[in-house]
Amino acid sequence: MTSFRENQTSRHPFKLRRSVLTVPAINRRALDKVAALDCDAVIFDLEDSVAPEKKAEARANLLDFLANTDLDHRECIIRVNPADSAFFQDDMDAVFACRPEALLLPKVEDPDAVQSVADLIGESGAAESLRVWAMIETPRGVVNAAAIAASGRTAGSRLDAFVVGLNDLRKATGVPATPGRTYLVPWLMQAVLAARAYGLDVIDSVSNDFNDREAFASECHQGRAMGFDGKMLIHPAQIDAANAAFGPSMTEIDEARLVVSAFARPDNAGLNVINLDGRMVERLHLDEAECLLAKLKVIQDRKVNPT
Ligand code: COA
Ligand code: MG
């Protein structure tokens, strides 16, 4: 059985990325909470949530925290400052010392930005497994999303995922935050399509209001319906809603099991298309069903072995 990512022509193994929590590296109390939270990934932020005069302290926090904490299944990502900032080189040194699974590059606007960082990583002798995630959060980033995603296919590229950032995009375009994200949806979909075209994962933007649980759950479902793999989160109170929306629903699980068992019947062997209770089902639906059940298994295995 192939994984979801392999089906999408990606070279990388499937990763569960429903809930991607960001934590300011300057905030020790928040850092100390993450290893007990049910999120799939953590972005340790050195960029916008850390004041310029606190960058060194934040890097030191992070080094100390990661050296002494087992994040277990939680994927570890460090968001660095932009490559043209005064903080970048020290941030990269922190990345090499902390050895996360990925670094997140803010405000990516063209393929060269990703390639330069990949070159830097290559020259440093860092592990081949260290990936680059790119924030798509400026007008130029959205316009060039396809070219940026395509650069993930060039030799030596480490590009693995897009994260859309609506706070910066709203600031740059003047489009306000409205329920349903009406005028932002075309740009979100552009990022999703570009990522999918080249086998990248794509994570939906943060939602700033962590008190309005209903609005947040509805935005998670919208993100899932748009094709995102998960959502970037700013607060622990957002984790459950993201896990629920981006994980398989009971209806999807039942349907997937039905499709798998239908194709397993001897009378359907060798058929590419079958009649399942009055609906056409093809082998491509079998691939989808198997991927969904594989995702479910990862979630269930974690519950059996909680940390
Ligand atoms: N990760 C882990 N723990 C967090 C957290 C996070 N992102 N956000 C809040 N918490 C913790 C707090 O430390 C607090 O615990 P404490 O009382 O023991 O310190 C608890 O959850 C409840 O927090 P709450 O009082 O509701 O919020 P707050 O005022 O402490 O923090 C924010 C609110 C928005 C400042 C905070 O959630 C935050 O910094 N989020 C991330 C922001 C960020 O990374 N932005 C950049 C990318 S967009
Ligand atoms: Mg930003």
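If you're wondering where the values come from, they're calculated on a predicted model, not measured in any experiment. Counting starts at 1 for both ligands and their atoms, in listed order. Counting begins at 1 with the first residue of the sequence.
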Check: S116/D112 side-chain N/O donor and acceptor closer than 3.5 Å = no
Is there a donor in the side chain of N61 and an acceptor in the side chain of E57, or the other way round, less than 3.5 Å apart?
-> no
How would you list, by chain and number, the residues with a heavy atom under 4.0 angstrom from ligand 1?
-> L21, T22, V23, P24, R29, A30, K33, D45, S49, R79, F210, M232, I234, H235, P236
Is it true that the side chains of N243 and S19 contain a donor and an acceptor less than 3.5 Å apart?
-> yes
If the plane angle is over 60° it's perpendicular, under 30° parallel, otherwise tilted; pick one for H235 and F210.
-> parallel
Could you grab the distance from atom CG of D201 to atom CZ of R196, nearest 0.5 Å is fine?
-> 6.0 Å
Could you tell me which residues satisfy side chain to side chain contact (heavy atoms under 4.5 Å, CB included) with Y183, sequence neighbours excluded, listed by chain and number?
-> V175
Below 3.5 Å, can you tabulate the donor-acceptor pairs from side chains in residues 121-129 to any protein atom, sequence neighbours excluded?
unit_1, atom_1, unit_2, atom_2, d
S124, OG, I121, O, 2.6
S124, OG, A126, N, 3.0

Indicate whether the side chain of D110 and that of N144 have a donor and an acceptor atom separated by less than 3.5 Å.
-> no
Look at the side-chain heavy atoms of Ile, Leu, Val, Met, Phe, Trp and Tyr, link any pair under 4.5 Å apart, and say whether M232 and V23 land in one connected group.
-> no
How many N, O or S atoms of the protein are nearer than 2.8 Å to the Mg ion (ligand 2)?
-> 2
